[in-house]
Amino acid sequence: MKSFFILLLFLSCNVLAQNAPEPYGAVPSKRQLAWHDIEVYGLIHFTPTTFENKEWGFGDADPKTFNPSDFNATQIIQAAKAGGLKGIILVAKHHDGFALWPTKTTEYNISKSPFRNGKGNLVKEVESAARKNGLKFGVYCSPWDRNNALYGTDKYLAIYQAQLTELYSDYGPLFMSWHDGANGGDGYYGGAREKRSIDNTTYYDWNNTWGITRKLQPTANIFSDIGLDIRWVGNEDGHAAETSWATFTPMAPDGKNVAVPGQANYPQSPAGIRNGKFWMPAECDVPLRKGWFYHPTEKPKTPEVLFDLYLKSVGRGAGLDLGLAPDTRGQLHDDDVKALTEFGNIVKHTFANNLAKGAQITASNVRSNSFAAKNVLDGKKESYWATQDNTHKANIEIDLKTEKTFDIISLQEYIPLGQRIEAYTIEVLQDKHWNKVFDGTSIGAKRLIQLDQPVKTNKVRINITKSPVCIILSEIGLYKKAI
Ligand code: FUL
């Protein structure tokens with residue numbers, strides 16, 4: 001009897017799988033799918049540079065400079081959590097070269113500072129607080145090291161790789177390994193105080209260096225301006241382009257050579273590349289304040305501005321990486337806590353109530369019962385509406401039964417099968433006329449459309465007007481922005 005049911009289950013799974021649409025183009029890996037779910041996360045900058053009130057430490061600050069009066073990882077993480085952040089990346093070593101963990105690779109580290117009487121490990125403290133509060137953890141270890149005497153020589157790479165190995169071994173599974181393209185220039189370099197330049201096409205041997213990441217941290221998404229998993233959006237303003245493709249083909253600016261971090265096709269980064277070779281969604285990194293490090297004269301962005309950035313990053317299929325800058329106490333300033341909390345509340349309250357829930361929904365074409373139109377309102381991103389293979393244009397109509405007022409529309413594709421839709425319009429029924437309220441292009445993991453003004457209607461129609469293959473939509477939402 002039991003085996004009969006197993007057989008039945010196997011057969012029905014098979015029928016479903018056979019009938020599912022074929023994937024289109026590059027598709028996300030498991031690791032990238034997990035990243036898409038995180039949506040908003042933070043990047044903490046806190047090194048001797050904070051105490052020098054600079055953005056880029058020269059690498060010559062006395063380790064004793066690093067002396068927070070009241071460091072509190074829990075305060076920082078709880079503020080991040082109130083802001084709706086689901087992950088934290090800690091800058092474990094910035095360009096100044098100061099390691100926030102007691103590394104064996106350089107003397108220039110936290111054990112030489114007064115922090116916890118030289119017994120502290122800030123990477124551990126932040127990691128523990130993040131995990132305790134349910135946030136994922138990641139690290140950024142700057143390849144450029146303005147302190148290290150060996151920087152620029154052929155001995156430095158082994159040091160950098162050993163630093164990554166330590167960070168990858170002692171702090172549990174990481175969701176991101178963040179790498180930047182800032183390379184070489186002037187610095188302290190063990191007292192030489194000179195300018196050192198490196199060839200960034202070869203110096204860091206990224207193939208093998210990222211091989212260490214893959215081996216020790218298979219869950220870590222590698223971020224850099226060329227991917228591998230997540231690409232830089234090409235600006236530090238916090239937004240992707242209005243039309244955003246999760247696919248990308250990193251290229252050197254000459255269009256011929258292979259791209260390396262610090263040398264990529266940045267003009268194409270905000271929008272991505274339609275039918276690019278790789279699934280490589282964008283991360284929009286932007287500091288909460290003006291600088292990445294804390295400066296007493298700067299103020300955090302307002303909750304309104306943060307919400308707008310959320311719509312223009314997460315709402316364009318990208319991720320929002322918000323820079324958090326603890327002050328010299330080692331905590332986030334009250335103003336930052338307030339801004340984060342209010343931003344988190346706007347997001348939470350706006351998206352708490354899908355006004356389309358319970359609506360009647362019909363589609364002009366449906367692949368089969370398993371891919372019915374109602375799947376877009378079940379709140380589950382794993383189920384979806386799909387059309388038949390040869391149907392590349394279709395519409396879906398939502399009958400709200402009573403009039404509803406909304407100003408944000410949310411659309412989601414089922415990205416495990418690729419980014420398919422290229423154009424669509426949204427109409428609402430008013431005085432017996434269908435009025436177009438939006439003309440769209442890309443959707444991807446999530447598209448949040450903010451209308452110029454709230455609309456009141458009992459019927460909404462979404463017309464998919466262009467797709468190279470059959471259409472898939474996993475979720476639709478109608479929301480009223482919470483003030
Ligand atoms: C850049 C760095 O040069 C900045 O200082 C900062 O860390 C930013 C997040 O990445 O590449």
Side-chain angles (χ1 to χ4, degrees), residues 40-61 76 80 85 87-100 122-123 126 137-148 151 160 163-164 167 175-188 195-198 200 203-204 206 209 221-228 230-240 250 259-264 266 269-270 282-295 298 300-301 309 313 318-326 336:
V40 192
Y41 46 96
L43 179 58
I44 300 177
H45 284 71
F46 184 56
T47 77
T49 308
T50 307
F51 300 81
E52 297 180 290
N53 195 15
K54 287 185 182 167
E55 272 295 297
W56 277 9
F58 193 72
D60 61 348
I76 300 167
L85 280 62
I88 280 291
I89 303 166
L90 175 69
V91 179
K93 184 190 88 170
H94 199 241
H95 308 327
D96 66 328
F98 186 82
L100 293 175
L122 204 128
V123 180
V126 175
F137 185 64
V139 292
Y140 161 19
C141 185
S142 166
W144 183 25
D145 188 322
R146 302 175 94 188
N147 173 267
N148 206 296
Y151 186 81
Y160 180 59
Q163 291 177 344
L164 290 179
L167 290 168
F175 84 105
M176 279 193 100
S177 186
W178 208 95
H179 302 263
D180 74 309
N183 279 294
D186 59 352
Y188 178 69
K195 194 165 174 188
R196 293 189 181 171
S197 44
I198 50 110
N200 64 2
Y203 189 62
Y204 300 112
W206 286 117
T209 301
N221 282 279
I222 294 175
F223 165 93
S224 85
D225 47 5
I226 59 146
L228 303 177
I230 311 296
R231 73 176 195 269
W232 184 44
V233 77
N235 63 65
E236 288 188 349
D237 304 325
H239 49 80
V260 292
Q263 282 184 26
Y266 300 128
S269 304
E283 177 200 278
C284 305
D285 62 331
V286 59
L288 179 60
R289 295 174 160 240
K290 188 160 170 284
W292 292 102
F293 282 90
Y294 179 81
H295 308 290
E298 294 174 358
K301 295 180 173 56
L309 294 181
S313 54
L320 177 60
D321 182 4
L322 215 44
L324 304 180
D336 300 37

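Hydrogens, waters and symmetry mates are skipped; everything else that's a heavy atom, side chains included, is used. Order of listing sets the numbers, starting from 1, for every ligand and every atom in it.
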Worksheet entry | Distance in Å, Asp336 CG paired with Leu324 CG, rounded so as to fall on 0.5 Å steps |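 Going from CG on Asp336 over to CG on Leu324, the span is 8.0 Å.
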*Roughly how far, to the nearest 0.5 Å, is CZ of Arg289 from CG of Leu322?*
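Those atoms lie 12.0 Å apart.
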Would a distance-only check, ignoring hydrogens and angles, find a side-chain to backbone donor-acceptor pair under 3.5 Å from Glu55 to Trp292?
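Judged by distance alone, yes, a pair lies under 3.5 Å.
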**Heavy-atom pair with the smallest gap, counting every atom of Phe98 and Pro48** =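 Shortest heavy-atom contact: CD2-CD, 3.3 Å.
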Are there any N/O pairs under 3.5 Å between ligand 1 and the protein, and if so, what are their distances?
unit_1	atom_1	unit_2	atom_2	d
ligand 1	3 (O)	Trp56	NE1	3.2
ligand 1	3 (O)	His95	NE2	2.8
ligand 1	5 (O)	Trp56	NE1	3.0
ligand 1	5 (O)	His94	NE2	2.9
ligand 1	7 (O)	His45	NE2	2.7
ligand 1	7 (O)	His94	NE2	2.9
ligand 1	7 (O)	Tyr140	OH	3.3
ligand 1	11 (O)	Asp180	OD2	3.1

Residue among Asn147, Asp145, Asp60, Thr49 satisfying side-chain contact (heavy atoms from CB on, under 4.5 Å) with Asp96:
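In the set Asn147, Asp145, Asp60, Thr49, the residue that makes a side-chain contact (heavy atoms from CB on, under 4.5 Å) with Asp96 is Thr49.
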request  = Tell me, please, which residues at least two apart from Tyr203 pass side chain to side chain donor-acceptor pair (under 3.5 Å).
outcome  =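 Per chain and number, Tyr203 pairs via side chain to side chain donor-acceptor pair (under 3.5 Å) with no residue.
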